[in-house]
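Structure first, then comments.
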2 protein chains.
Amino acid sequence: MLSKKSQYAFKALTYLAAKYNQGPVLISEIAKKKKIPLKFLENILLELKKADILDSKKGKGGGYFLAKSPDKVKMATVIRLINGPIAMLPCVSLYFYERCKNCDEKHCGLHDIMLEVRDATLNIVENRTLKDLIV
Amino acid sequence: MLSKKSQYAFKALTYLAAKYNQGPVLISEIAKKKKIPLKFLENILLELKKADILDSKKGKGGGYFLAKSPDKVKMATVIRLINGPIAMLPCVSLYFYERCKNCDEKHCGLHDIMLEVRDATLNIVENRTLKDLIV
DNA sequence: AAAATAGCCTACCAAGACGATAGACTACTT
DNA sequence: AAGTAGTCTATCGTCTTGGTAGGCTATTTT
């Protein structure tokens, strides 16, 4: 399951994607429109900024905005950043890989099936961007 | 990610599937062979028994065994029981559905994509059984 | 009937994740 | 200088996770 934090992140990003190239948007505006706790949203946006997905401007007329066009931000990137691994097992994860103890990956049925699941999932979230979230 | 509990459950079930129709197996034997904490495994097996996946026999010569043939136990069933929802959002879950607040499911891009992910995942785990885990 | 075996049940606990909040600080604009 | 708005650090209650302890109950063997 995606954490609430991830859901908030997607809501905020979708909001900013819809306003792409229209200047900075206040955290408070996003919080109000998307009904996200203000201070919690601050953390999330900061994290997205540090990952170069968002950029910001301080002072009057400031706010947050997308650092690149919506179709350049993959869903997989956001999920990995805010939610963590996409795979169901560490031993089939591309970005959070960990060797499986007590189980030979070469001869593990669970490993093989979870690899299939991972690929099916990645096939979707690696090929969808923020642009696809705007309806 | 699957919890450790889920991974233990699959290891134990795989072990029992390989010994299907060969009589009861001791918890302690499974724990030792699969390197699972004994008392933790007790809980897991009991839960699987209550879900009619396993059955048990008490006293000497007792132990646990599969309640039905390995090809009748779907991976999806085990995951839902031990790990919880398979979908990434409550609003696209079949067995753990919850209405999405602040988001119209009819016009939500995230909803649509997560529905795709769910279906891709289910397509795999609903069609694989314990039999497929034995290698 | 007694003893031994092995699963069943209830309770508990430490550590960490999750969701959220508070307050002070820094940078930019007017 | 004043005001605005993002940045940083810290904290906090609750829930989940992973694991442990100990006694109870049912079954079998002696």
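Below, chains carry the letters A, B, ... as their sequence lines are ordered, and counting in each starts from 1. All values derive from a computational prediction rather than experimental measurement.
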- request: For B/L38, answer base if it contacts any base atom (sugar-phosphate contacts may also be present), sugar-phosphate if it contacts only those atoms, and nothing otherwise; contact means non-hydrogen atoms under 4.0 Å.
  value: nothing
Is [Y] close to [X] at the side-chain level, that is, under 4.5 Å between some pair of heavy atoms?
X	Y	answer
A/Q22	A/F65	no
A/F10	A/I79	yes
B/L66	B/L13	yes

Taking all non-hydrogen atoms of both residues, which atom of [X] and which atom of [Y] are closest, and how far apart?
X	Y	result
A/C91	A/H111	O-CE1, 3.2 Å
B/G109	A/V135	N-CG2, 4.0 Å
B/L81	B/A51	CD2-CB, 3.5 Å
A/L41	A/A31	CD2-N, 3.5 Å

message: Looking only at the side chain of A/I27 (C-beta and beyond, no hydrogens), which of the listed nucleotides D/dG19, C/dT21, D/dG6 gets closest?
response: D/dG6
task: Could you please name the option among C/dA6, D/dG19, C/dT21 that lies closest to any side-chain atom of A/P37?
output: C/dT21
message: Any side-chain to backbone donor/acceptor pair from B/D71 onto B/T129? Under 3.5 Å, distance only.
response: no
query: Taking the side chain from B/N123 and the backbone from B/D119, do they hold a donor-acceptor pair closer than 3.5 Å?
result: no
Rounded to whole angstroms, how far apart are [atom1] on [X] and [atom2] on [N]?
X	N	atom1	atom2	value
B/I30	C/dA6	CD1	P	13 Å
B/F65	C/dA6	CZ	C1'	13 Å
A/E47	C/dG19	CD	P	13 Å
A/I44	C/dG19	CD1	P	9 Å
B/K49	C/dA6	NZ	C1'	12 Å
B/I82	D/dT17	CD1	C1'	13 Å
A/D55	D/dA5	CG	C1'	14 Å
B/L41	D/dT20	CG	C1'	14 Å

For nucleotides 9-18 of chain C, tabulate all protein N/O to nucleotide N/O atom pairs closer than 3.5 Å, reporting atom names and distance.
from: C/dC9; atom 1: N4; to: B/E42; atom 2: OE1; distance (Å): 3.2

task: List in numerical order all residues of residues 8-21 of chain A for which some heavy atom is under 4.0 Å away from an atom belonging to DNA chain C.
output: A/Y8
- request: Going by the side chain to side chain contact (heavy atoms under 4.5 Å, CB included) test, name the single residue among B/D112, B/I113, B/L115 that passes it with B/V92.
  value: B/L115
message: Between B/K50 and B/E47, does any side-chain N to carboxylate O distance fall below 4.0 Å?
response: no
Heteroatom pairs (N/O) under 3.5 angstrom, protein to nucleotides 24-27 of chain D:
from: D/dA26; atom 1: O4'; to: B/K58; atom 2: NZ; distance (Å): 3.1

